[in-house]
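Scroll down for the structure; my scribbles are underneath it.
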Amino acid sequence: MLILAALGLMFFFIALSKRIVLNSSMIILAGIPYFLAHFSATEISGFHLLTVIGLSVYPITSSLMVRHHYAHFGRDATIPVALLSVLSLALCLLFPERSGAVLLLLHLALYVSMIYTVSPAWKDPPTILLMVSILGVALYVSAAFFMLGPLHYIYSSGAMSVILSILLGYGLRNRISGLLVHFNGVNELNNALNHRIARLNGSIESCRRIILGKDLELYQMARHASLAELTTGIAHELAQPLTGIKGIAQNMIDDINMEEFENLQAVSELMKICTLVDKSTNIIDHIRNFSKKKSTEKRLVDLNRVILEAIDLINLQLKKNSIDLIFVLDETVPKIFGDRISLEQLIVNIVLNAKDAILEKGFESRGESGTIRISTFYSDGAVSMVIADNGSGISDTVMHKIWSPFFTTKKRDHGTGIGLSISSRIIKDHSAGVDIQSDSTGTRFTIRFPVAVS
């Protein structure tokens, strides 16, 4: 009992240990008089007061131990046992000569209540062993009443306390082991969850960067749209002074007498001014129409003329970067049915991409230079337009992505990734087909337009 009490004190933070200490304390209290009598060589007749108190309270502490371990079955006889213990203590104090019988009945009632409490778990091996032990101790305490004497009440109670402590401790150990296994499983799930959360955080961060990049691209698109509207306004503003310049030049020509030969040179210069003004006006009108937001209007168009007008818009950029343009246009190709502005946009997008590919490649040799070749021809009931360059080419890994919106291999300041996406839509709107051939020597776009049916 002293060992059990010491172990219980060592692990007093565990609920079962507290109950073991209380239970062991009652057994020790009941045995103190006999322990002292042994060393003083005196004999105790009957039940000592401390023994009666310890054996009367012992059933309460034992019931608490059993209830703690089997509480999940919902059976609790602690209160009836406590009432019987109080009643038994009172009877023993009033009738000391009947203490043996009263304590026997109390302990038998305790063991019956124990069996009642643990019986729902009768298939559990430790519970079976506990029930067998309870029956054995009940027989032992009965024998103590009839044959062995008061000291054996203490022995039976001590044996029951030891058996309870061992079996309930073993059950607690199994429960703790199960909890540890469950905890390890939860810990593994937690680690997997943390790993998944880390991956999701990485994905969220990637999505955040993508969204931020798309926001910047949309902002740049909005800026381009504003620039288009601004260009239209500038074209309108420039048209008025150019009209005035042409009018003044025309008036000066009318005022000059054509018979005055010395003024013929001035007339010639004024005619050049009028011609240049007409050319500037045509360019401005072209820019205004190209930038204007309007619905698609398909009609019969001359593809060769569309190509030349589209190149007029970007010819300065090509010359600035020393890129040669080669035209091989078949004048006999039939007209196609399409929208002139959309087709110009298609050509401008492809040619500007060709320009960027040439600039990316660079030419170190003096004998080499960037070249863009545009040709048209008619075959098999379709008009084909070929735009070929000698730039850096398109890799196989990128080829299947070039039509995707916002995809670009250029730096952020040099492209939005929507040019070829818009071009793809224009090609589909015109029921055309496209074939792309590309390697390290350059890229070749071949677009086939169906011929308009008369």
Side-chain angles (χ1 to χ4, degrees), residues 217 220 224 286-287 290 303-330 333 336 338 340-377 383-428 430 432-449:
E217 290 172 354
Q220 191 171 3
H224 288 174
H286 193 186
I287 293 173
F290 188 79
L303 184 58
N304 291 336
R305 183 176 177 182
V306 171
I307 292 172
L308 295 175
E309 290 177 348
I311 296 301
D312 280 342
L313 294 172
I314 55 175
N315 195 30
L316 183 60
Q317 295 186 48
L318 301 176
K319 289 182 177 179
K320 181 181 176 181
N321 292 285
S322 301
I323 297 176
D324 297 330
L325 269 173
I326 300 175
F327 294 100
V328 184
L329 306 179
D330 185 356
V333 296
I336 63 173
R340 182 174 59 83
I341 300 300
S342 296
L343 292 173
E344 285 185 12
Q345 187 175 10
L346 168 64
I347 296 165
V348 167
N349 288 339
I350 296 177
V351 172
L352 288 180
N353 277 337
K355 179 206 73 172
D356 292 335
I358 290 171
L359 295 179
E360 180 182 349
K361 182 176 184 179
F363 293 94
E364 298 179 357
S365 175
R366 293 183 179 180
E368 293 182 332
S369 62
T371 302
I372 298 176
R373 179 187 177 94
I374 304 176
S375 59
T376 57
F377 60 91
V383 176
S384 298
M385 175 180 66
V386 180
I387 302 176
D389 65 72
N390 59 346
S392 56
I394 305 172
S395 65
D396 294 336
T397 56
V398 172
M399 181 66 74
H400 67 284
K401 300 179 182 179
I402 61 172
W403 304 113
S404 302
F406 303 111
F407 176 78
T408 179
T409 57
K410 305 173 188 176
K411 296 180 180 179
R412 190 174 299 279
D413 295 337
H414 292 80
T416 62
I418 62 172
L420 287 180
S421 175
I422 294 173
S423 300
S424 174
R425 188 188 64 195
I426 294 172
I427 292 171
K428 290 179 181 178
H430 287 77
V434 60
D435 177 65
I436 306 174
Q437 297 177 352
S438 184
D439 54 32
S440 59
T441 61
T443 303
R444 175 188 176 96
F445 280 82
T446 302
I447 305 173
R448 293 170 53 85
F449 297 95

Hey, what do you get for [atom1] ([X]) to [atom2] ([Y]), rounding to the nearest 0.5 Å?
X    : Y    : atom1 : atom2 : result
I372 : I323 : CD1   : CD1   : 5.0 Å
S342 : I427 : OG    : CD1   : 12.0 Å
E344 : L308 : CD    : CG    : 10.5 Å
L343 : R305 : CG    : CZ    : 13.5 Å
K355 : L325 : NZ    : CG    : 12.0 Å
S440 : I394 : OG    : CD1   : 13.0 Å

Self-check item: Within-4.5 Å side-chain heavy-atom neighbours: L352 and Q317
Solution: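 Side-chain contact under 4.5 Å: yes.
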Quiz item: Is there side-chain contact between I307 and F327, with at least one heavy-atom pair below 4.5 Å?
Solution: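 Yes, their side chains come closer than 4.5 Å.
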Quiz item: Of V351, I347, I350, which meets side-chain contact (heavy atoms from CB on, under 4.5 Å) against F445?
Solution: I350
For residues [X] and [Y], report the shortest heavy-atom separation together with the two atoms involved.
X    : Y    : answer
T371 : N390 : N-OD1, 2.9 Å
A357 : D389 : CB-OD1, 4.5 Å
L346 : F449 : CD2-CZ, 4.1 Å
L303 : I336 : CD1-CD1, 4.2 Å
A310 : V348 : O-CG2, 3.9 Å
I358 : G370 : CG2-CA, 3.5 Å

Quiz item: For atom CZ of R448, is the number of surrounding heavy atoms from other residues, nucleotides or ligands below 6.0 Å larger than 12?
Solution: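 Counting other residues, nucleotides and ligands, CZ of R448 exceeds 12 neighbours.
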Side-chain donor or acceptor of [X] paired with backbone N/O of [Y] under 3.5 Å:
X    : Y    : answer
T376 : M385 : no
N315 : I311 : no
D439 : T441 : yes

